[in-house]
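The structure appears below as structure tokens.
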Amino acid sequence: MGVALFDTSTPLGGLRSELRAAIERVLDSERFILGPEVSAFEREFAAFCGVEHGVGVANGTEAITIALRAMGVGPGDEVVVPSFTFYASAEAIPPTGATPVFCDVDPETYCVTAETVRAALTPRTTAVIAVHLFGNVAPVREIEALGVPVLEDAAQAAGSEGPDGRPGALGTAATFSFYPSKNLGAFGDGGMITTADERIAEEARVLRFHGSRDKVDYERLGMNSRLDELQAAILRVQLPHLPAWAQGRRDAARAYEQAGLGELVALPRAERGASPAWHLYVVSHPEVERLQAALTAAEIGCKAYYRTPVHRQRPMRAWGAGLELPGTEQAARTHLAIPMSPVLTPAQAQEVLAAVRAAA
Ligand SMILES: Cc1ncc(COP(=O)(O)O)c(C=O)c1O
């Protein structure tokens, strides 16, 4: 039968009339940019995360640039970022004027650790980007204990739970992406910055709007990076369902574990005290290319997302040359995402398992 790598349409099936009504509401309002839907979604999403402020922006990449700038990062500064992540985590740093400094990850959790971050700190470090990769929850408190502000890149972790609360409320600030395939996905691009710090929230609001509060006086060189009313209205319909969808992702992971997948491939290890809403379910295997080919032949969706780590991508070479990041290289060489969604059934998990067993 085959199992798709992810399923974004089934969870939305029962919400179609509510989604249509939300879209109509925006059409009728004739407010399309930074209106009441965005303000309401900012409040609702921040409350969901357990933090005071939400600032809607155009996407998860610009959310990082704006959040770093609002945290005071600028020219001459260094920002520590893992190399095993989506390229945008690092790409968002140079537009602030700062330079990325790549650190390693633990290849079992795919996240940074206090030790890997410590190895990359210098007197010029002004922030660390802790990526909650694949929905796991990076150890933010332990990194903060090193004495550096942490920006959570929570693009993949909406709905996850950490030992100290939800992503979005763990660091100095956090950023989210609402790219359609994310745990909470818009029907286009969208992003959010969350923070408990009113000054950072205020600065982010100014930066997303050309560096201005009123489009008359311009305080900063800002950006045009706004969440639009249609996307906010669509996301508001979905947000109340995020906890159930997150649970569906946890149940899918449990189905894989209970079926014995861990005897065939290395399963992702949740961080201590974390309950990840796995965005991608990423296993590893020493002969991963053979596994990938066999799963593809069996029509089991699978994908290697980050085979070349960010520090070895061409535009990053100036900052990544000569670096040795063994955890990153191992993860890059051996990882493979297999099917994961809020509606993955135990029968589908069994089908994936059978295909892995036949290949491994
Ligand atoms: C870890 C991570 N950071 C940042 C981003 C950037 O988000 P966007 O695609 O909304 O710009 C993404 C997603 O695409 C991501 O997965």
Side-chain angles (χ1 to χ4, degrees), residues 5-6 8 41 45 54-69 79-96 100 102-103 105 109-112 127-138 140 150-160 162 167-168 170-171 173-194 204 207-208 223-228 231-232 234-235 238 249 268 271 276-282 303-311 313 315-316 328 331-332 335 337 340:
L5 184 57
F6 50 82
T8 49
F41 180 58
F45 189 73
V55 181
V57 293
N59 54 65
T61 307
E62 292 178 352
I64 297 172
T65 303
I66 292 172
L68 288 173
R69 284 189 62 190
V79 176
V80 175
V81 64
S83 174
F84 189 72
T85 179
F86 179 54
Y87 181 74
S89 306
E91 181 192 30
I93 298 170
T96 68
F102 292 100
C103 73
V105 294
T109 63
Y110 302 110
C111 285
V112 296
V128 173
I129 298 178
V131 183
H132 299 310
L133 201 67
F134 305 142
N136 212 347
V137 184
V140 173
V150 172
L151 175 65
E152 302 169 68
D153 179 349
Q156 300 186 5
S160 290
L170 307 177
T175 58
F176 290 86
S177 164
F178 303 122
Y179 183 80
S181 62
K182 294 289 194 268
N183 289 4
L184 182 65
F187 295 174
D189 277 311
M192 178 82 78
I193 297 159
T194 58
L207 288 170
R208 78 170 167 184
M223 301 165 69
N224 174 3
S225 184
R226 303 177 297 223
L227 184 63
D228 67 62
Q231 299 307 338
I234 287 162
L235 290 162
Q238 297 182 56
R249 291 175 182 277
E271 286 283 353
W278 295 109
H279 170 57
L280 297 171
Y281 197 75
V282 176
K303 184 167 170 177
Y305 276 82
Y306 313 129
R307 208 49 102 217
T308 304
V310 180
H311 76 282
Q313 299 287 351
M316 296 291 159
T328 297
H335 80 285
M340 168 54 65

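Read the numbers this way: they start at 1 and go in the same order the structure lists the ligands and their atoms. Heavy atoms only: backbone and side chains are in, while hydrogens, waters and symmetry mates are out.
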**Request:** Could you label the plane-to-plane angle of the F178 and F176 rings as parallel, tilted or perpendicular, counting under 30° as parallel and over 60° as perpendicular?
**Result:** parallel
**Residues that A155 engages under side chain to side chain contact (heavy atoms under 4.5 Å, CB included), provided they are two or more places apart** = D153, S177, K182
**Item:** Any residue meeting side chain to side chain contact (heavy atoms under 4.5 Å, CB included) with N59, in chain and number order, not counting sequence neighbours
**Value:** T61, E62, D189
**Prompt:** Within the distance-only criterion (no hydrogens, no angle test), does the side chain of R307 pair as donor or acceptor with the backbone N or O of H335 below 3.5 angstrom?
**Reply:** yes
**Y110/F84 under ring-ring contact (aromatic ring centres under 6.0 Å, His included): CA gap, chis, key distance, verdict** = CA-CA 7 Å; Y110 302 110; F84 189 72; 5.7 Å; yes
**Item:** Partner residues of P315 under the side chain to side chain contact (heavy atoms under 4.5 Å, CB included) criterion, sequence neighbours left out
**Value:** Y87, Q313
What are the atom names and distances for all N or O pairs under 3.5 Å between ligand 1 and the protein?
from: ligand 1; atom 1: 3 (N); to: D153; atom 2: OD1; distance (Å): 3.3
from: ligand 1; atom 1: 3 (N); to: D153; atom 2: OD2; distance (Å): 2.7
from: ligand 1; atom 1: 7 (O); to: S177; atom 2: OG; distance (Å): 3.4
from: ligand 1; atom 1: 10 (O); to: G60; atom 2: N; distance (Å): 2.8
from: ligand 1; atom 1: 10 (O); to: S177; atom 2: OG; distance (Å): 2.7
from: ligand 1; atom 1: 11 (O); to: G60; atom 2: N; distance (Å): 3.3
from: ligand 1; atom 1: 11 (O); to: T61; atom 2: N; distance (Å): 2.9
from: ligand 1; atom 1: 11 (O); to: T61; atom 2: OG1; distance (Å): 2.5
from: ligand 1; atom 1: 14 (O); to: K182; atom 2: NZ; distance (Å): 3.0
from: ligand 1; atom 1: 16 (O); to: Q156; atom 2: NE2; distance (Å): 2.8

